[in-house]
Each structure stands twice: as structure tokens, then as C-alpha cells.
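This chain uses plain numbering: 1 for the first residue, then up along the sequence.
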Amino acid sequence: MLASLLFLGTWPAVLTLLEQRGRLPQHTYLDYSITNFLAAVFIALTFGQIGDDKPNMPNFITQLGQDNWSSILFAMAGGVFLSLGNLSTQYAWAFVGLSVTEVIASSITVVIGTTINYFLDDRINKAEVLFPGVGCFLIAVFIGSVVHSSNAADNRKKLSSTNYKSKASHAKRPKAKQNDMESGIPYVSNSDVKEEKAKAGTAEYLIELENRRSIKVFGSKTFLGLGIVFFAGICFSLFSPAFNLATNDQWHTLKEGVPHLVVYTAFFYFSISCFVLAIVLNICFLYKPMLGLPKSSFTAYLNDWRSRKWAFLAGLLSGFGNGLQFMGGQAAGYAAADAVQALQLVSLLSGELFS
């Protein structure tokens, strides 16, 4: 679970950096989704095939042919929740910031997800140990919301003393030429211009960041970002309980004699639904983007090789991180495994490293 904590705390910083450098989030998330799925396939074909094939503990290949569709649907539902959560946070990072987003979303995940898993796991974890920590995360949700509101007010005050509308690209977003997009050339014309960096936290720094990034946030409402974060947190809080039901069948939906899904098989189906939903939604967003992003195309995505290796790396980190979390959940209980959602410190350190 420690390795899972490290991996899951690192990949958000990588995707945040790519957005701040002007790469379209649709392009980044498509790359991320590919390697995220490949990590699940690797885990299934390696860890899932280790050991003898036993009736109560079949290998991955053996289990593919069994009549376990009810558990498969639970696993795939978990993948849908995770995909929606990850997709939402990719936009929330721009509006709320990496640190506050991770604090709020992860805290909601722990509060709701751990509580559900505690009862699904038949209360195998000690409540007097588990729930004081859950209470701390609940407090963190409120503190994080207050911090975001304070940050937004502080930024508005800084910008009010500067004629930022004439400097920030949101006032007049450069129009992307279709042939430029198809060639993989960034639509933000000044994204690669080397300028003397302004001091972090100043109005000049905020303007420079706004000019570079792909998602323009100046003038957005405070509650827009918080709304996205809370939606992501609720999605994140449901994927682990769904996976728990897929592997342990607490609701007794499997036919008699059919073994439970092993964690590797469940993770494979979980990742299939996560991958398919991410691909479908992001291809749609290429042509009908959200939040004022420019239109793109699948050809433009294929030609956009800027920082693609980092998006691939983020997908691998997330894929292996989730797989290790589920392995830990099977061994120690999913309520305890949800502790890896306490990844805010790792995200902050990663953000400093990649910035």
C-alpha cells in the first residue's frame, strides 16, 4: 500500500504540469488512458497467472470463461466511477489547484468510501482506530473549501490592481488554425516563448500562468471549481466499494459453486470500463470541448507528441497504483486500503518536483 500511495500521489502532478504548459487535457487523458489500461493487462497476465489453478482460487485466464457476470458488472461500475472522477479532477486542478483539489477529493473519498467499505468488510477493521482518522478527513473537506475560497478572493484582489485583461489570453484567445492543430502545434501562440519568470504568487505570475495553460480560469466562479471537485470526490468514493463487491460478493449475486473474482480479474474488467469510457468521452471532447477549450480532432491528437511520454508515465503510475491498492484491500480490508487516498503530501512533493 506504500507503493500505491507513492504512485497515486505522483501522477496528478504530472498531468497538472502538462495542462499548465498548454497541452490540451483531451490529448493528455487519451494518452494516460492507454497506459493505464496496459498496466491492468500486465498485472492480470503476470500476477493473475502466478500459482496453481485451484477451484476456489482460479487463475486469470481460467476465470475469463466462468459465469460471474454479476461480479464483472460491479467491477465495471467501479471503473466507470473512477474514470469520471479522474476526468473531473483533470479540470478541477485548473480551477482549484492541485493541492486543494487533492485534499478535498481524497477526503471525501475516505469519508464516504471507507464508511461503506467498513460495513461491506463486516467491520473487520477496528472502528475506534479507523473512524477518528475519517473524522480528520471530514474536517479537511471543510478546511479545503475555505482555503479555495480564500485563494480565489486573494487572486481577484491581486489582479484588480493590474490591467490583466489586456495581458491575459482569456480576453482574446488565439484562434487555432486547423492545419496547426493537425500538425500538433499548440494553439496558445505564446506558450513556448521564453520569458523571465515572475515571482510565484504575484499578479504577473498568475497572468503568465493563464497565458500558458490550456484551461483558462480567469473570471470563473468560485463554486464552479468546488462543484467539480465535490463531484469527483463522490465518484472516487464509490469505485472502491464497487470493487469490493466484485471480489467478495457480499450481496450473494453469484451462482452457487462459482468462485469469487480474484483481484486481478476484477481489476482487468474494472480497467476495461474505465478505459472505454475515457476514450469515448475524450474523443467527443475533441470535437465538442468543455470550458472554452478549442476544438481539436483525432488527427491532431495523434500528431501532438509534446510531452506525450509524461502522459504515458502518469497512466502507468495510476494503473499500478490502483492495482496495488486493490491487492492491499484484498489482504487487509478495503476500508484500511482506502488510507492510500491520504496522498495529498505526495502530490504536493511531486508538484514541487515537476514544476
[X]/[Y] aromatic ring centres below 6.0 Å:
{"X": "Y264", "Y": "F267", "value": "no"}
{"X": "F270", "Y": "F243", "value": "yes"}
{"X": "F285", "Y": "Y29", "value": "no"}
{"X": "F81", "Y": "F239", "value": "no"}

So [Y] and [X], do their side chains get closer than 4.5 Å, heavy atoms only?
{"X": "L17", "Y": "W310", "answer": "no"}
{"X": "T10", "Y": "L313", "answer": "no"}
{"X": "L38", "Y": "F42", "answer": "no"}
{"X": "L30", "Y": "L286", "answer": "yes"}
{"X": "F47", "Y": "F60", "answer": "no"}
{"X": "L277", "Y": "F275", "answer": "no"}
{"X": "C274", "Y": "V80", "answer": "no"}
{"X": "L293", "Y": "P25", "answer": "yes"}

Shared hydrophobic cluster, [X] / [Y] (ILVMFWY, side-chain heavy atoms < 4.5 Å):
{"X": "F37", "Y": "V280", "answer": "yes"}
{"X": "L82", "Y": "L73", "answer": "no"}
{"X": "L84", "Y": "L291", "answer": "yes"}
{"X": "F74", "Y": "V258", "answer": "no"}

Look at the side chain of [X] and the backbone N and O of [Y], then say whether any donor-acceptor pair between them is shorter than 3.5 Å.
{"X": "S318", "Y": "A314", "answer": "no"}
{"X": "Q49", "Y": "I61", "answer": "yes"}
{"X": "W305", "Y": "L302", "answer": "yes"}
{"X": "Q20", "Y": "R213", "answer": "no"}
{"X": "N36", "Y": "Y32", "answer": "no"}
{"X": "R23", "Y": "R306", "answer": "yes"}
{"X": "S237", "Y": "I234", "answer": "yes"}

Task: Working for side chain to side chain contact (heavy atoms under 4.5 Å, CB included), residues L64 and Y269 - done: CA-CA 10 Å; L64 290 179; Y269 286 114; 3.4 Å; yes
- [ ] Just do the side chain to side chain contact (heavy atoms under 4.5 Å, CB included) check on H260 and T247 with the steps written out, would you?
- [x] CA-CA 6 Å; H260 295 175; T247 54; 5.9 Å; no
Open item on the list: With side chain to side chain contact (heavy atoms under 4.5 Å, CB included) as the criterion, how do W11 and L8 come out once you've worked through the C-alpha distance, each side chain's angles and the decisive distance to 0.1 Å?
Closed with: CA-CA 6 Å; W11 73 265; L8 293 178; 3.9 Å; yes
Open item on the list: With no hydrogens and no angle check, just 3.5 Å: does a side-chain donor-acceptor pair link S297 and Y287?
Closed with: no
TODO: Taking atom types as modelled, find out whether N59 and D53 have a side-chain donor-acceptor pair closer than 3.5 angstrom.
DONE: no
If I take atom [atom1] from residue [X] and atom [atom2] from residue [Y], how far apart are they, to the nearest 0.5 angstrom?
{"X": "L238", "Y": "I116", "atom1": "CG", "atom2": "CD1", "answer": "5.5 Å"}
{"X": "T28", "Y": "L15", "atom1": "OG1", "atom2": "CG", "answer": "6.5 Å"}
{"X": "I108", "Y": "F236", "atom1": "CD1", "atom2": "CZ", "answer": "10.5 Å"}
{"X": "T101", "Y": "I228", "atom1": "OG1", "atom2": "CD1", "answer": "9.0 Å"}
{"X": "L87", "Y": "N282", "atom1": "CG", "atom2": "CG", "answer": "5.5 Å"}
{"X": "L261", "Y": "Q66", "atom1": "CG", "atom2": "CD", "answer": "8.5 Å"}

Taking all heavy atoms of [X] and all of [Y], pick out the closest pair and write down the distance.
{"X": "P58", "Y": "V262", "answer": "O-CG1, 3.5 Å"}
{"X": "I215", "Y": "E19", "answer": "N-OE2, 3.0 Å"}
{"X": "A92", "Y": "V229", "answer": "CB-CG2, 3.6 Å"}
{"X": "V217", "Y": "E210", "answer": "N-OE2, 3.0 Å"}
{"X": "G79", "Y": "S273", "answer": "CA-OG, 3.3 Å"}
{"X": "N244", "Y": "Q250", "answer": "OD1-NE2, 2.8 Å"}

Task: F298 and Y301 aromatic ring geometry - parallel, tilted or perpendicular at 30°/60° bounds - done: tilted
- [ ] Please step through side chain to side chain contact (heavy atoms under 4.5 Å, CB included) for the pair L254 and S71, ending with a clear verdict.
- [x] CA-CA 7 Å; L254 289 173; S71 293; 3.5 Å; yes
Task: Ion pair K255/D249, N-O distance below 4.0 Å - done: no
TODO: Evaluate whether atom CE of M57 has more than 12 neighbouring non-hydrogen atoms of other residues, nucleotides or ligands under 6.0 angstrom away.
DONE: no
Open item on the list: For the CZ atom on F312, are there more than 12 heavy atoms of other groups (residues, nucleotides or ligands in this structure) within a distance under 6.0 Å?
Closed with: yes
Task: Trace of the side-chain hydrogen bond (donor to acceptor under 3.5 Å, both in side chains) decision for N117 with S240 - done: CA-CA 8 Å; N117 278 324; S240 179; 3.1 Å; yes
Task: Worked check of side-chain hydrogen bond (donor to acceptor under 3.5 Å, both in side chains) between H27 and S296 - done: CA-CA 9 Å; H27 293 188; S296 183; 2.8 Å; yes
